[in-house]
Amino acid sequence: MNVQQILSQFQSRGVETCFHGRHINPQIYAGLDGNNWHLQDYIARGGYQALRKILGVDGGEALTQDQVIATVKESGLRGRGGAGFPTGLKWSFMPRQFPGQKHLVCNSDEGEPGTCKDRDILHYNPHIVIEGMAIAAYAMGISVGYNYIHGEIFQTYERFEAALEEARAAGLLGDKILGSNFSFQLHAAHGFGAYICGEETALLESLEGKKGQPRFKPPFPASFGLYGKPTTINNTETFAAVPWIIRNGGQAYLECGKPNNGGTKIFSVSGDVERPGNYEVPMGTPFAKLLELAGGVRAGRQLKAVIPGGSSAPVLPANIMMDITMDYDAIAKAGSMLGSGAVIVMDDSRCMVKSLQRLSYFYMHESCGQCTPCREGTGWLWRMVDRIENGQGRPSDMQLLDNVAENIMGRTICALGDAAAMPVRGMLKHFRHEFEHHITHKTCMVPAYV
């Protein structure tokens with residue numbers, strides 16, 4: 001199947017396409033000129049129909065909380081922030097009969113290197129996130145929500161605030177929404193660019209005005225979250241998928257993808273491709289097709305390796321990537337993870353040692369320092385890789401890198417330690433010869449690194 005055929009297949013499912021660096025679902029990406037993000041534009045595209053549907057304000061019968069959750073479960077929607085946990089199942093954990101305040105939180109603290117999808121959703125179509133959060137709040141009996149937005153996209157934060165004002169003025173947020181008995185207050189919170197605050201409990205700490213450090217779990221946020229109250233946290237893209245699911249049905253969304261991997265997924269394709277950008281394709285799309293949509297490898301060079309799910313995912317060599325599909329299960333089976341959907345493409349001019357040097361520095365810099373294996377281990381990893389890259393590596397460094405990475409894995413409160421260790425283990429598994437060449441010959445085996 002060629003690109004035109006697969007695009008026609010997507011279009012038959014209501015997915016529009018664009019060859020200028022994006023593959024667009026009109027329900028999520030709209031107004032690419034940056035001007036069509038206002039409430040009236042969103043309503044013209046069918047916005048807030050899903051919210052009206054569940055509230056029964058157009059003459060139909062209101063949906064029950066159980067019906068909304070069942071529809072989301074049927075859709076096969078899994079968390080789009082990285083973990084891939086089933087969204088409907090997460091919603092069912094919320095104790096709906098809890099007598100006190102409960103909270104809903106959107107994790108828009110997008111800090112994974114290579115990822116840039118959530119900021120685009122918020123920038124080009126903020127109301128779809130507001131509607132998705134309102135539907136989620138209704139399903140779980142929640143009256144207060146927060147969208148925690150990454151600190152380095154202040155313009156997008158301001159736009160989301162403007163969209164909130166539009167929704168409040170139109171009676172789509174606040175008390176007795178659209179004349180119903182449902183009330184939901186939604187607020188935006190601005191972070192300060194800390195990568196660790198993408199971890200859900202560190203995010204909650206930051207929202208409470210504390211230092212952003214992960215909490216021990218259990219207890220989990222569903223029972224002890226923001227301000228000690230039951231809290232559900234989902235990613236921006238996850239909430240953005242909800243209105244379409246409610247309007248069209250869970251089965252229709254599931255059929256856009258594949259079993260256990262329902263719907264579409266936005267992949268941030270960067271690195272050595274002709275057209276880097278955000279591409280929304282059905283789950284289960286072959287990587288080869290995604291690469292083709294992005295224009296292929298730059299300048300006619302050969303594909304060498306791909307990090308399929310953000311910088312924390314283990315790298316996979318070209319021969320493996322070209323045979324797998326872009327979904328949680330297939331990528332996990334290949335030895336990596338779909339993660340945040342950041343696809344980092346590397347051609348044959350890239351040195352794996354230098355690439356790992358840069359990644360290891362990032363995780364050392366972003367460690368919050370709470371856990372000793374991460375605080376000390378990330379620095380140790382970077383120093384060893386830096387030494388190898390600069391021609392001072394020792395033969396014993398290979399085994400030591402393996403040992404340090406292994407002793408970080410699974411020994412920290414949050415997953416940042418694992419995120420630092422997995423790139424190391426992936427590089428050594430598939431590109432050990434490059435590290436050995438650096439150590440033996442004190443130089444890079446890639447002739448012309450650019």
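The figures here come from the full heavy-atom set of this structure, side chains too, leaving out hydrogens, waters and symmetry mates.
- Between Phe220 and Phe93, the ring centre distance reaches or exceeds 6.0 Å.
- Side-chain contact, Ser268 with Thr115: no donor N or O sits under 3.5 Å from an acceptor N or O.
- Residues that satisfy the salt bridge (charged side-chain N to carboxylate O under 4.0 Å, His left out) test with Lys217, not counting sequence neighbours, are Glu199, Glu200.
- For His190, the ring pair (Phe, Tyr, Trp, His ring centres under 6.0 Å) partners at least two apart in sequence or on another chain are Phe154, Tyr157, Phe192.
- With salt bridges taken as basic N to acidic carboxylate O contacts below 4.0 Å, one links Glu237 and Lys117.
- Side-chain atoms of His103 and Tyr146 include no donor-acceptor pair closer than 3.5 Å.
- Listed by first and then second residue, the ring-ring contact (aromatic ring centres under 6.0 Å, His included) pairs that reach into residues 55-82 come to none, sequence neighbours excluded.
- Ring orientation note: the planes of Trp244 and Tyr253 are tilted relative to one another, at an angle of 30° to 60°.
- Residues Cys197 and His150 fail the side-chain proximity criterion, which asks for heavy atoms closer than 4.5 Å.
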Intermediate values then yes/no, salt bridge (Lys or Arg N to Asp or Glu O under 4.0 Å), Lys211 and Glu205 | CA-CA 6 Å; Lys211 182 179 180 180; Glu205 289 286 293; over 6 Å; no
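- For Phe267, the ring pair (Phe, Tyr, Trp, His ring centres under 6.0 Å) test picks out no residue, with sequence neighbours left out.
- A salt bridge between Arg119 and Glu152 is absent, with no side-chain N of the basic residue lying under 4.0 Å from a carboxylate O of the acidic one.
- The environment of Asp58 atom CG is dense: over 12 non-hydrogen atoms of other residues, nucleotides or ligands sit within 6.0 angstrom.
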Determine, stepwise, if the pair Leu290 / Val343 fulfils side chain to side chain contact (heavy atoms under 4.5 Å, CB included).
-> CA-CA 10 Å; Leu290 180 62; Val343 180; 4.2 Å; yes
Would you list the atom pairs, donor with acceptor, under 3.5 Å between side chains in residues 169-180 and any protein atom, with sequence neighbours excluded?
| from | atom 1 | to | atom 2 | distance (Å) |
| --- | --- | --- | --- | --- |
| Asp175 | OD1 | Gln185 | NE2 | 3.2 |
| Ser180 | OG | Ile177 | O | 2.7 |
| Ser180 | OG | Phe182 | N | 3.1 |

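- Counting only residues at least two apart or in different chains, salt bridge (Lys or Arg N to Asp or Glu O under 4.0 Å) contacts with residues 222-231 are absent.
- Residues passing the salt bridge (charged side-chain N to carboxylate O under 4.0 Å, His left out) test with Glu112, sequence neighbours excluded: none.
- Sorted by first and then second residue, the salt bridge (Lys or Arg N to Asp or Glu O under 4.0 Å) pairs involving residues 418-429 (not counting sequence neighbours) form an empty list.
- When the salt bridge (charged side-chain N to carboxylate O under 4.0 Å, His left out) test is applied to Asp272, the partners found at least two apart in sequence or on another chain are Arg298, Arg350.
- Remark: Asp66 engages Arg96 in a salt bridge (charged side-chain N to carboxylate O under 4.0 Å, His left out) (not counting sequence neighbours).
- Looking at Glu166 and His127, their side chains do bring a donor and an acceptor atom within 3.5 Å of each other.
- For Tyr361, the ring pair (Phe, Tyr, Trp, His ring centres under 6.0 Å) criterion is met by Trp382, not counting sequence neighbours.
- The existence of a salt bridge linking Lys265 and Glu280 is excluded, since no basic side-chain nitrogen approaches an acidic carboxylate oxygen closer than 4.0 Å.
- Side-chain contact between Val315 and Val306 is absent, with no heavy-atom pair separated by less than 4.5 Å.
- Although no hydrogens or angles enter the test, the distance criterion places a donor-acceptor pair under 3.5 Å between the side chain of Asn278 and the main chain of Cys116.
- Annotation: Gln40, atom CD; neighbour count of heavy atoms from other residues, nucleotides and ligands within 6.0 Å is above 12.
- Side-chain N or O atoms of Ser270 include none that pairs as donor or acceptor with a backbone N or O of Pro276 at under 3.5 Å.
- Partners of Ala134 according to the side chain to side chain contact (heavy atoms under 4.5 Å, CB included) rule, which considers only residues two or more places apart in sequence or in another chain, are Leu51, Phe184.
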